[in-house]
Each structure stands twice: as C-alpha cells, then as structure tokens.
Amino acid sequence: MTSDTTSGTGRSAFGTGSAASEVLAGIDLTGRTAVVTGGYSGLGLAATRALAGAGARVVVPARRPESAQQALADTQRVEVDRLDLADLNSVRAFAERFRRRHATLDILIANAGIMACPETRVGPGWEAQLAINHLGHYALTQLVWPTLTAAGAARVVSVSSGYSVDSRIRWDDLQFSRGYDKWAAYAQSKLANILFARHLDRLGGPYGVRAFSVNPGWILTPLQRHLTVDEMVAAGWIDAEGNPAPGLFTTPEQGAATLVWAATSRELDGRGGDYCADCRITDGGPADDGEAARLWALSANLTGLDLVH
C-alpha cells in the first residue's frame, strides 16, 4: 500500500486537522442507513452527528440506551437501540430487530470499545477487551450481513488504534489465561480490528461490501476511563493539573474525520482492506493475510458464526 492517489491509493484533501463535518460537506447521504456502535460518546458521537447531518439515518446501538437518548436528544435522524457487545445473545437480539426494521445497511462503523481495563471475563470466560472490541463486532457483522449485501455498495469501518510491528495475536493464549497485561490485551484487540477488516474485505468484495480499518489518532474521550490520573501523567498525556500535553490530542470531531472518510469517500471506490489514518491510506498495518484468515477462523469457532463467505 502507498499513499499516492495517482496509483489509486487514497491521498486525501483532508488530514489531521480536518473535522468529520468538513469531510462530509457536500455529500448527501439521504436514504442511506448507518450503524455506529458506541455512537453516543467520544468519537462515535462525533461520527453519528456528522453522518446524520449529511442526511443518513443513523442507528446507535448502546449498552446504556438511556444515556444514548440523552446524548443524542438534539440530533435528528437517529434511532437508539440496546446492544451489549459482550453478550452474544444481546448481539443476536439487536441484529434481529435491525433486520426487521431496515432492509439495507450502507455503513457499519464498529467503533465501541474499552481500553486497558482491569482483568474482566465476559461470556464463556472471554477476555473483555478482545470480546468487546473484536468478537462482538465480528458477531454483529455476521448477523447483519444480509442487510450489508442488500445495499449493493456498503462499507464497514473497523476503528482500531496505532499499529506497532510488535503487536501480535497471542495464538497460544488468546484469552490471557496465563497472566493478564491490560495493555497487551488492548493491543491484541486493536490488531484484531485491523485483521478483521482485511479478511472481511476479501470475503465481502464480491458482494459490494468493502471494509477498512482506521487509526483515529490521539483523542481524550471516555475510552480512558479505566486509567488513573497518575498513569496518564506518567505516560505524558496530561500534567499533574489534568491539562492535556500540548499538541498531542485532537478533538473527537477531528478523530471522527477518518471514520466518516473511510465510510463515504469516493476516493476509496474499488478499494478495501486498507488501514487508514489522517483521512488517507497508510503504509502501516500488518501485511500477512494468513494472520487475518487465521483470526477469522478462530472468531468463527468462538462465536459459532460463519455466515460471510
């Protein structure tokens, strides 16, 4: 992958300082349906508002629907529904309701997630960050697949984070049963988001479903809720008074720009599977498609869902 549009790879007129509303300026999404998980706080809220502002009907699945209703009270064309990504029964129930109400799904932004939480087990003992950040979204995509293919030209955007060549899937201990490291577990889940988009695009391309993964950059949002002030000070993110380090963070609206760019940009027509940042395709990201296929097969085995072929 390169970043030169002359070879069709997605250098954009937008960048780090662009806001989601700027990316969507002049784009009419009337008649389109979008789902934004976690679309009621942080990046997700900014993406929801921008998509709805461009005319899309946005469904916001929320673990706390009452909070979502309150956060989105001033936003038109938004529908809130209940979804707990840590609970496959909840994912199934949401998908069933969605398919009854909506014939097509044009945009799915897999945004909801947790970061660096204390060791937590969900479902059948799954490590919570992998379960919520990856497996829940894998299951959701599987279960709304008929509506994505019915759209004719749909996009799935998997919200990841920064990629390091040291990041890896712990194939021998996926659930961190032998010693938990909250940052290693987070990194694994975010790598899974990238690999998921790679393989989904490979399978979905023939059906008109293209997938991208996104690094939204550094943004202070509720994602940091499991970190103490001392941890963030030690990391150099904030000072002792809680002030963000100068120049480190962008706003949620700027972070959401790459999400909505990947979901809508005509520059990406005919492409997919790419890892994006700052409203452009990057050279970063894992290059081994075998890893993506292996993770897909493992996710299918864990969730019992393998409807995308």
Side-chain angles (χ1 to χ4, degrees), residues 20 33-53 56-102 105 107-124 126-141 143-144 156-161 182 185-186 189-190 193 214 216 219-228 232 251-253 255-256 259-260 263 303:
T33 301
V35 167
V36 182
T37 65
Y40 59 105
S41 68
L43 285 173
L45 177 59
T48 295
R49 287 175 169 164
L51 291 167
R57 179 69 178 176
V58 186
V59 179
V60 177
R63 188 170 60 86
R64 296 174 290 121
E66 300 80 9
S67 298
Q69 292 282 10
Q70 184 176 0
L72 294 162
D74 61 347
T75 307
Q76 296 182 335
R77 291 181 293 277
V78 171
E79 171 188 327
V80 173
D81 200 350
R82 184 177 299 276
L83 171 65
D84 182 352
L85 287 164
D87 180 352
L88 287 188
N89 287 331
S90 176
V91 179
R92 289 180 184 277
F94 166 80
E96 183 177 343
R97 291 190 300 271
F98 181 85
R99 293 195 309 267
R100 284 202 307 264
R101 297 167 183 166
H102 302 278
L105 175 57
I107 296 168
L108 170 57
I109 299 183
N111 163 76
I114 56 173
M115 181 177 76
C117 63
E119 183 172 3
T120 306
R121 301 286 159 181
V122 300
W126 294 341
E127 188 278 314
Q129 296 187 81
L130 182 72
I132 294 169
N133 298 354
H134 168 60
L135 291 172
H137 284 121
Y138 170 89
L140 175 62
T141 305
L143 292 165
V144 299
V156 177
V157 179
S158 180
V159 181
S160 181
S161 186
K182 65 183 183 181
Y186 178 70
S189 73
K190 294 289 101 178
N193 294 151
V214 165
I219 306 102
L220 282 174
T221 72
L223 186 65
Q224 289 87 27
R225 61 186 175 276
H226 294 294
L227 301 178
T228 66
M232 289 192 282
T251 67
E253 290 73 21
L259 277 64
V260 300
T303 63

Inter-residue atom distance [X].[atom1] - [Y].[atom2], 0.5 Å rounding:
X: Arg49; Y: Gln76; atom1: CZ; atom2: CD; result: 13.0 Å
X: Leu140; Y: Arg92; atom1: CG; atom2: CZ; result: 12.0 Å
X: Thr303; Y: Tyr138; atom1: OG1; atom2: OH; result: 4.5 Å
X: Arg97; Y: Glu79; atom1: CZ; atom2: CD; result: 10.0 Å
X: Leu72; Y: Leu45; atom1: CG; atom2: CG; result: 6.0 Å

*Sub-3.5 Å donor-acceptor pair from the side chain of Ser160 to the main-chain atoms of Lys190, do we have one?*
yes

*Can you check whether Leu143's main-chain N or O pairs, donor with acceptor, with Arg99's side chain at less than 3.5 Å?*
yes

Should [X] and [Y] count as side-chain neighbours, where that means a heavy-atom distance under 4.5 Å?
X: Ser90; Y: Leu83; value: yes
X: Val35; Y: Val144; value: no
X: Asp87; Y: Val122; value: no
X: Thr33; Y: Phe98; value: yes
X: Tyr40; Y: Val80; value: no

Shortest non-hydrogen separation from [X] to [Y] and the atoms involved:
X: Ala68; Y: Ala62; result: CB-CB, 3.7 Å
X: Ile114; Y: Gln129; result: O-OE1, 3.7 Å
X: Ala263; Y: Ile109; result: CB-CD1, 4.4 Å
X: Ile132; Y: Ala86; result: CG1-CB, 3.8 Å
X: Ala46; Y: Ala20; result: O-CB, 4.5 Å
X: Leu259; Y: Pro216; result: CD1-CB, 4.1 Å

*Please determine which of Asn193, Asn111, Thr37 meets the side-chain contact (heavy atoms from CB on, under 4.5 Å) test together with Val159.*
Asn111

*Polar side chain donor-acceptor pair, Asn133 to Ser189, under 3.5 angstrom*: yes

*Consider only side-chain N and O atoms of His137 and Ser158, and report whether a donor and an acceptor are under 3.5 Å apart.*
no

_Under-4.0 Å salt bridge between Arg100 and Glu96_ = yes

*Is it true that Arg64 and Glu66 make a salt bridge, defined as a side-chain N closer than 4.0 Å to a carboxylate O?*
no

